[in-house]
2 protein chains.
Amino acid sequence: MSKLDKPEKILATALKLFVAYGFHGTPTSKIASEAGVSNGTLFHYFKTKDELVVSLYTAIKEELNQYLAEKANETGDVKEKFRNLFRYSLAWALENRDAFYFIQQFHFSPHLGLVPDEEIRKQSEKHRNLFQEARDAKALKPLPPDLLMMLSMNQINGLFQYLTAQTVSAENQQQQINDVFELTWTMIVNPEKP
Amino acid sequence: MSKLDKPEKILATALKLFVAYGFHGTPTSKIASEAGVSNGTLFHYFKTKDELVVSLYTAIKEELNQYLAEKANETGDVKEKFRNLFRYSLAWALENRDAFYFIQQFHFSPHLGLVPDEEIRKQSEKHRNLFQEARDAKALKPLPPDLLMMLSMNQINGLFQYLTAQTVSAENQQQQINDVFELTWTMIVNPEKP
DNA sequence: TTTCTGATTGACTAATCGCTCTATGAATAT
DNA sequence: ATATTCATAGAGCGATTAGTCAATCAGAAA
């Protein structure tokens with residue numbers, strides 16, 4: 001068949017349909033037929049529909065984390081690290097809108113309960129460490145690192161929603177991404193110079 | 001029957017179940033039985049399940065807006081207005097966790113498409129005007145008002161998620177709400193003094 | 001070739017769910 | 001008292017869906 005092997009093709013099709021019709025609004029039969037495989041093949045690779053949903057979530061998260069690990073390298077000062085994390089997260093989100101939307105859709109669904117807590121924490125461990133260390137080095141405000149991270153992540157979500165709702169030119173988009181990063185940075189940076 | 005009349009009882013039960021099991025994970029029969037009414041009664045008040053979902057959403061939004069209209073009165077300077085909007089939004093969210101969670105769940109579901117765009121905009125019109133006017137008066141940074149509003153709203157969402165994930169004492173909670181409001185304010189306020 | 005293993009199919013099923021419908025009850029108006 | 005209207009019940013129907021299963025196919029191993 002095509003270049004994608006079948007499990008990947010099934011996941012890609014499921015993503016498209018889940019975003020358009022929701023989890024329960026998308027029958028497995030439709031996923032199978034649109035992916036060009038039979039109903040039985042889908043259940044050969046994924047024991048249940050729930051397992052398919054969770055597999056899709058973890059696959060997307062891994063893809064995002066791998067992308068960030070490649071792009072957002074560790075060079076530069078603290079602000080530069082955060083800038084890279086911010087801008088590359090948004091770059092990935094805008095290039096993979098369905099996937100980024102799906103992450104949030106998943107987070108506000110009962111399926112989230114199917115993923116162990118430790119798995120969830122592990123997925124953001126590197127970023128959490130970044131916030132933890134920067135705060136310990138007094139580069140960030142003396143607030144809980146989890147709170148600082150949560151606020152920064154939600155800045156990304158908010159900007160993503162804004163950018164996908166409007167139609168903005170590519171340059172304006174970059175401009176606004178830069179602007180909002182500066183806002184976010186002044187928000188979390190420690191104003192005292194130690 | 002109980003003090004709540006039946007449509008309200010049905011909506012309250014649906015909210016609880018939707019948050020726990022998702023829209024499609026909750027059959028109308030279960031809503032009816034847990035609400036103490038028959039299946040037919042449910043469909044007497046709500047023509048379809050979709051209509052029930054949308055009604056629940058608009059009812060919650062109206063309740064929130066009415067609460068804010070009462071509490072966040074218009075006295076005080078600009079910063080005070082925003083502080084009231086911020087803290088009372090969070091107060092309501094923490095007192096009505098299911099309802100606040102449901103709003104986000106609804107926003108990331110295909111049911112959102114069933115609500116006309118103008119209806120959605122109307123629900124946040126007053127807040128949008130607040131941002132618009134404050135920016136026009138050069139009290140806020142010269143960015144699109146919609147963007148400023150989106151970012152501020154997402155600060156509330158992020159803090160809500162943080163506070164509901166942790167177990168924090170009531171005083172610490174108030175402290176953190178104040179802290180995060182100050183962060184948000186320094187983020188959106190215009191640093192130039194005209 | 002023969003055998004074995006995993007991939008693939010699609011018809012089938014058992015269960016569920018949204019919604020309808022008829023019958024009855026209760027309340028108010030005439 | 002009668003009529004009218006709305007509320008309520010709950011059995012039941014038609015449609016849909018997740019998941020199964022027996023049969024076939026393809027390729028590798030022996």
Side-chain angles (χ1 to χ4, degrees), chain A residues 1-60 102 105-106 109-115, chain B residues 1-60 102 105-106 109-115:
Chain A
M1 69 170 302
S2 74
K3 289 168 209 164
L4 268 46
D5 65 1
K6 298 198 172 171
E8 284 179 14
K9 187 75 201 278
I10 292 170
L11 287 175
T13 308
L15 171 60
K16 199 179 62 182
L17 294 174
F18 285 158
V19 167
Y21 307 109
F23 299 121
H24 292 268
T26 309
T28 55
S29 57
K30 198 174 181 184
I31 300 172
S33 67
E34 285 218 17
V37 303
S38 75
N39 217 314
T41 299
L42 189 151
F43 283 98
H44 175 71
Y45 288 109
F46 305 96
K47 279 198 278 288
T48 65
K49 189 183 182 182
D50 279 350
E51 188 188 300
L52 169 62
V53 174
V54 173
S55 296
L56 180 57
Y57 173 73
T58 54
I60 286 175
F102 176 86
Q105 188 183 31
F106 185 91
S109 87
H111 290 92
L112 181 62
L114 298 177
V115 184
Chain B
M1 69 170 302
S2 75
K3 292 167 211 168
L4 268 45
D5 65 1
K6 299 200 172 169
E8 283 178 14
K9 187 75 200 275
I10 291 169
L11 288 174
T13 307
L15 170 61
K16 198 179 63 184
L17 294 174
F18 286 159
V19 167
Y21 306 109
F23 300 122
H24 292 267
T26 308
T28 55
S29 56
K30 198 173 179 186
I31 300 172
S33 67
E34 286 218 14
V37 302
S38 76
N39 216 312
T41 299
L42 188 150
F43 283 98
H44 175 71
Y45 289 109
F46 304 95
K47 278 199 279 286
T48 65
K49 188 183 182 182
D50 279 350
E51 189 188 299
L52 170 62
V53 174
V54 172
S55 296
L56 180 56
Y57 173 74
T58 54
I60 286 174
F102 176 85
Q105 188 183 30
F106 185 90
S109 86
H111 290 91
L112 181 60
L114 298 178
V115 184

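Each chain gets a letter, A, B and so on, in the order its sequence line appears, and its residues count up from 1.
The interatomic distance linking A:Asp5 (CG) with D:dA26 (P) rounds to 19 Å, in whole Å. One can place CG of A:Leu42 at 14 Å from P of C:dG10, the figure rounded to the nearest angstrom. Separating the OH atom of B:Tyr21 from the C1' atom of C:dT16 is a distance of 17 Å, rounded to the nearest angstrom. As a whole-Å value, the separation of B:Ile10 CD1 from D:dA9 C1' is 13 Å.
Residue B:Phe106 comes nearest to B:Leu112 through the heavy atom pair CE2-CA, 3.7 Å, listed as atom of the first residue, atom of the second, then distance. Here the shortest heavy-atom pairing between B:Tyr21 and B:Lys30 reads CE1-NZ, 3.6 Å. For B:Ala20 against A:Pro110, the heavy-atom pair with the smallest separation is O-CB, 3.9 Å.
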* Asked: Run the side-chain contact (heavy atoms from CB on, under 4.5 Å) check on B:His44 and B:Lys6 step by step: do they pass?
  -> CA-CA 11 Å; B:His44 175 71; B:Lys6 299 200 172 169; over 6 Å; no

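At distances below 3.5 Å, not a single donor-acceptor pair connects side-chain atoms of B:Glu34 with backbone N or O atoms of B:Lys16. Remark: side-chain polar atoms of A:Thr13 are not paired, donor with acceptor, to backbone N or O of A:Ile31 under 3.5 angstrom.
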Identify each atom pair where a protein N or O and an N or O of nucleotides 17-21 of chain D are less than 3.5 Å apart, giving names and distance.
| unit_1 | atom_1 | unit_2 | atom_2 | d |
| --- | --- | --- | --- | --- |
| D:dA18 | OP1 | A:Lys49 | NZ | 2.7 |
| D:dA18 | OP2 | A:Thr28 | N | 2.8 |
| D:dA18 | OP2 | A:Thr28 | OG1 | 2.9 |
| D:dG19 | OP2 | A:Lys49 | N | 2.7 |

Find every protein N or O atom lying less than 3.5 Å from an N or O atom of nucleotides 5-7 of chain C, and list the pairs.
| unit_1 | atom_1 | unit_2 | atom_2 | d |
| --- | --- | --- | --- | --- |
| C:dA7 | OP2 | A:His44 | NE2 | 2.6 |

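Ring-centre distance between B:Phe23 and B:Phe102: below the 6.0 Å cut-off.
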Cut-off 3.5 Å, no hydrogens considered: what does the side-chain donor-acceptor table look like for residues 36-43 of chain B, sequence neighbours left out?
| unit_1 | atom_1 | unit_2 | atom_2 | d |
| --- | --- | --- | --- | --- |
| B:Ser38 | OG | B:Gly40 | N | 3.4 |
| B:Ser38 | OG | B:Thr41 | N | 3.2 |
| B:Ser38 | OG | B:Thr41 | OG1 | 3.1 |

